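Here is the structure we will look at, set down as structure tokens.
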Amino acid sequence: MNDPAPVKKPVSLTLPDGSVRTFDGPVTGLRLAGDIGPGLVKAALAIYVNGALWDLKREIDFDADVAIMTSKDEGALDLLRHDAAHVLAEAVQELFPGTQVTIGPNIEDGFYYDFARDEPFTEDDLAVIEARMHEIVERDEAITREVWDRNEAIDHFKSIGEIYKAEIIADLPEGEPITVYRQGDWKDLCRGPHLPSTGKLGTAFKLMKVAGAYWRGDARNEMLTRIYGTAWRDRKELKAYLHRLEEAAKRDHRKLGREMDLFHLQEEAQGSVFWHPNGYTVWLALENYIRMRLAGAGYREVKTPQLLDSKFWEQSGHWSKFRENMFVVPDEVPSTDEDAPVLSGDSRLMALKPMNCPAHVQIFKQGIKSYRDLPLRLAEFGCCHRNEAHGALHGLMRVRQMTQDDAHIFCREDQVTSESVAFCQLLISVYKDLGFDDVQVKLATRPDVRAGEDAVWDKAEKGLEDALVAAGLEYEVTPGEGAFYGPKLEFHLSDAIGRTWQCGTLQLDFVLPERLDASYIAEDGERHRPVMLHRAILGTLERFIGIMIEHYAGRLPLWLAPTQAVVTTITSDADAYAEQVCAQAKTAGLRVKLDVRNEKINYKVREHSHAKVPAILVVGKREAEEGRVSVRRLGTKDQTVMPLEDAIAALVDEARVPSSTPAA
RNA sequence: GCCGCUGUAGCUCAGUGGUAGAGCGCACCCUUGGUAAGGGUGAGGUCGAGAGUUCAAUUCUCUCCAGCGGCACCA
């Protein structure tokens with residue numbers, strides 16, 4: 001029996017300008033482009049069909065709103081980068097037979113592909129692979145989409161030794177079409193869409209680095225070898241991107257920390273910071289600012305022990321949940337005999353605190369608390385130690401000894417929302433004072449394994465959400481990412497190269513008060529559990545200062561700058577006057593240094609500019625005679641000559657701590 | 001912790017199977033110069049640590065340590 005000839009149904013496509021083109025049957029994006037103009041065939045990369053992105057060579061057999069994507073479109077880069085990942089994979093499999101492909105998505109600024117190979121790639125391989133990628137682009141291999149049967153696909157990929165691909169297919173939801181993209185002799189399972197041919201990728205790509213990455217992002221799985229690359233529309237964009245990376249490297253807080261003499265790290269205390277006088281000046285300015293803001297928001301500052309007995313941590317739950325991150329110390333007098341073992345026998349175990357919360361609960365528990373005492377807000381610049389994995393350490397951003405601007409709010413359940421709102425408002429106000437407007441906010445909701453009843457979680461999550469809305473914050477929900485004891489808000493800031501770091505946080509906790517038996521007497525005369533809010537604005541002083549250095553490229557606002565002004569001379573004739581200027585500025589409360597070295601003014605200006613000193617007060621014979629100073633501000637070449645008093649007054653005004661009341 | 005790379009003077013980096021070099025910085029001398037490097041002289045290095053190969057190792061091999069880039073973890 002013959003199939004009846006398919007009835008050709010006309011297809012009408014509506015273009016973005018509203019015009020409609022009708023074809024006598026199914027039509028590809030490519031044909032539509034040709035119908036519109038030959039230039040478009042060349043420029044077209046893919047086509048939007050009712051909002052979904054399709055391959056140009058896929059037949060459209062129904063009426064639809066369409067838009068042809070060219071490299072100018074937003075989203076074109078994603079497509080380009082995804083194709084670059086495929087070309088990378090093809091190149092790798094050509095060059096290194098037996099290498100398995102896994103996944104290769106586009107990411108911000110580029111793409112990567114994870115390969116399974118006994119021998120990991122090294123950076124030397126990149127040049128060879130990249131050269132092969134260029135060949136594949138030159139071959140201009142046609143890329144075609146095929147829909148496969150699920151089981152056939154699994155069998156096929158298994159048969160060619162691609163067990164990861166087979167696993168991916170097996171895990172795809174039933175009913176999801178299995179699409180395989182063929183480019184030349186090479187093929188890969190992929191959702192698509194893709195460019196019509198490899199030639200469309202162009203030459204504006206570059207392989208950047210190799211790295212290890214766990215299969216499916218799980219450390220229990222085997223490690224794959226990942227190749228990162230970047231891809232752009234044209235060479236000019238690629239060059240601009242590489243330039244951007246170079247510029248970002250100049251703002252690296254580790255580099256600036258050295259250049260500005262702020263801090264250093266050394267291997268005998270890895271992960272713990274040696275703060276130099278300059279850096280600690282910034283620290284103190286920031287800490288005092290936060291101290292002022294907290295006092296204004298009704299917090300009381302406390303200080304709790306560093307070293308606590310292991311039984312304390314057992315009670316808090318840290319011993320079972322967090323011990324691998326804790327520094328444990330035996331409480332024993334070490335042997336003074338050089339040849340004897342340092343420690344012997346069985347001593348009690350102590351641990352350096354990794355968090356402040358259990359200690360704050362102890363303060364709460366002293367005496368009997370009434371509902372009238374709530375909310376009780378206990379703040380501490382708490383120095384904590386966490387034994388972070390070696391590979392996690394990163395300058396100031398990830399350390400082992402950290403000082404949090406920590407506080408715990410003990411309150412009634414009905415106070416959770418108002419406390420959360422107040423916290424968000426405080427946080428935003430602080431970030432604004434510190435120059436950060438661009439904050440990524442995440443609401444991490446209940447994880448699968450959790451303590452507490454769902455009704456409580458409902459309330460807690462809603463409380464946090466309400467707080468975000470009340471504070472006018474945009475946020476993203478990260479489901480399942482909350483702590484086991486409660487949901488949390490995370491406030492992320494970006495570093496110089498776009499990596500984001502969590503700084504502020506607000507976590508609701510219904511578990512710890514229970515575990516440590518904290519209670520208050522309510523109006524009904526009964527004992528009730530308080531709710532605990534763990535919260536930090538900066539997160540840790542270390543990380544926040546690291547972020548600030550990069551954010552400001554070292555050019556800290558005057559109130560935070562270690563040295564606010566340098567007074568320097570043209571010739572030694574003005575030394576006496578310079579000393580007077582310096583003394584007067586100091587008296588006015590400025591952090592000022594005197595530089596009367598026998599060096600040329602060019603040299604001294606250059607040096608202090610490199611050190612990121614915000615203001616240079618140059619004095620020569622003329623200024624000395626007139627009681628004036630020549631002010632040169634960092635980042636400009638301008639010089640303003642003004643009376644000494646005016647210059648000092650202006651600097652003092654600018655150096656005022658934000659949100660502080662001006663001196664009367 | 002896992003994968004890759006790196007480790008030479010205070011900093012940035014060159015270099016070599018026969019124990020090392022530059023620029024900047026530093027010290028001293030000359031220079032008193034109006035807003036991003038004035039000139040000269042000099043002092044600095046167990047070439048990350050340990051083992052191995054070798055007549056000889058900073059150089060080659062192995063182990064360890066640390067740093068860097070990712071992954072995982074996380075403020």
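Model, not experiment: these values are computed from the prediction. Naming: A, B, ... by sequence-line order, numbering from 1 per chain.
Going from atom CD of A:Glu222 over to atom C1' of B:rC71 covers 13 Å, rounded to whole Å. Atom pair A:Arg499:CZ and B:rG69:P shows a separation of 5 Å (rounding to whole Å applied). Atoms CG (A:Asp573) and C1' (B:rU32) sit 7 Å apart, rounded to a whole Å. As rounded to whole Å, 14 Å separates atom C1' of B:rA37 from atom NE2 of A:His608. Summarising the geometry, the separation between NE2 on A:His394 and C1' on B:rA75 is reported as 14 Å, rounded to the nearest angstrom. Rounded to an integer number of Å, the gap from CZ of A:Arg597 to C1' of B:rA36 is 13 Å.
Under 3.5 Å, the side chain of A:Arg398 and the base of B:rC74 form at least one donor-acceptor pair of N or O atoms. Checked by distance alone, A:Glu623 brings a side-chain donor or acceptor within 3.5 Å of a matching partner on the base of B:rG34. For B:rA75, the base has a donor-acceptor partner in the side chain of A:Glu388 [N/O atoms by modelled type, under 3.5 angstrom].
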Practice item. Give the C-alpha distance, both sets of side-chain angles, the deciding distance and a yes or no for salt bridge (charged side-chain N to carboxylate O under 4.0 Å, His left out) between A:Glu123 and A:Lys209. Key: CA-CA 7 Å; A:Glu123 254 142 50; A:Lys209 55 199 174 193; over 6 Å; no
Starting from the C-alpha separation in whole Å, work towards a yes-or-no answer on salt bridge (charged side-chain N to carboxylate O under 4.0 Å, His left out) for A:Glu550 and A:Arg254. CA-CA 9 Å; A:Glu550 303 202 352; A:Arg254 294 163 299 186; 5.8 Å; no
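Within the nucleic acid shown, A:Tyr214 comes within 4.0 Å of at least one base atom, counting heavy atoms only. Among the atoms of the strands shown, only primed sugar atoms or phosphate atoms (P, OP1, OP2) are found under 4.0 Å from some heavy atom of A:Tyr228. No contact: A:Tyr112 has no heavy atom under 4.0 Å from any strand.
Using cut-offs of 30° and 60° on the angle between ring planes, the pair A:Phe410 and A:His408 is tilted.
The side chain of A:Ile570 approaches B:rG33 more closely than any other nucleotide in the set B:rC74, B:rG33, B:rA72. For A:Ala211, whose side chain is taken as the heavy atoms from C-beta onward, the closest listed nucleotide among B:rG69, B:rG34, B:rA37 is B:rG69. With B:rG70, B:rC5, B:rG38 as the candidates, the nucleotide lying closest to the side chain of A:Thr122 is B:rC5. Across B:rC5, B:rA66, B:rA36, the shortest atom-to-atom separation from the side chain of A:Arg606 is found for B:rA36. Comparing B:rU32, B:rC5, B:rG38 by their nearest atom to the side chain of A:Glu123 picks out B:rC5. For A:Arg632, taking side-chain heavy atoms from C-beta onward, the closest of the listed nucleotides B:rG33, B:rA36, B:rC73 is B:rA36.
Minimum interatomic distance between A:Tyr289 and A:Ser429 (heavy atoms only, all atoms of both residues): OH-O, 4.3 Å.
Both tests hold for A:Arg81 against A:Trp232: distance to the six-membered ring centre under 6.0 Å, angle to the ring axis within 45°. The cationic atom of A:Arg535 (NZ for Lys, CZ for Arg) does not lie both less than 6.0 Å from the six-membered ring centre of A:Phe423 and within 45° of the ring axis.
From A:Glu461, atom CD reaches atom CZ of A:Arg446 across 4.0 Å, with rounding to the nearest 0.5 Å. The CD atom of A:Glu599 sits 10.5 Å away from atom OG1 of A:Thr569, with the distance rounded to the nearest 0.5 Å.
Base orientation of B:rG44: syn, since the glycosidic angle falls within 90° of 0.
Close to B:rU35, at under 4.0 Å from its OP1 or OP2, lies no side-chain N or O of A:Asn602. In this structure, A:Gln404 does not reach the B:rA75 phosphate: none of its side-chain N or O atoms is under 4.0 Å from OP1 or OP2. For A:Arg254, a side-chain nitrogen or oxygen approaches OP1 or OP2 of B:rC68 to under 4.0 Å. The side chain of A:Arg117 places no N or O atom within less than 4.0 Å of a non-bridging phosphate oxygen (OP1 or OP2) of B:rC3.
Comparing A:Leu224 and A:Ser609 by the nucleotide of RNA chain B whose heavy atom lies nearest to each, the residue mapping closer to the 5' end is A:Leu224.
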Writing each nucleotide of RNA chain B 5' to 3' as (, ), [, ], | or . by Watson-Crick or G-U pairing under 3.5 Å yields (((((((..((((....[..)))).(((((.......))))).....(((((..]....))))))))))))....
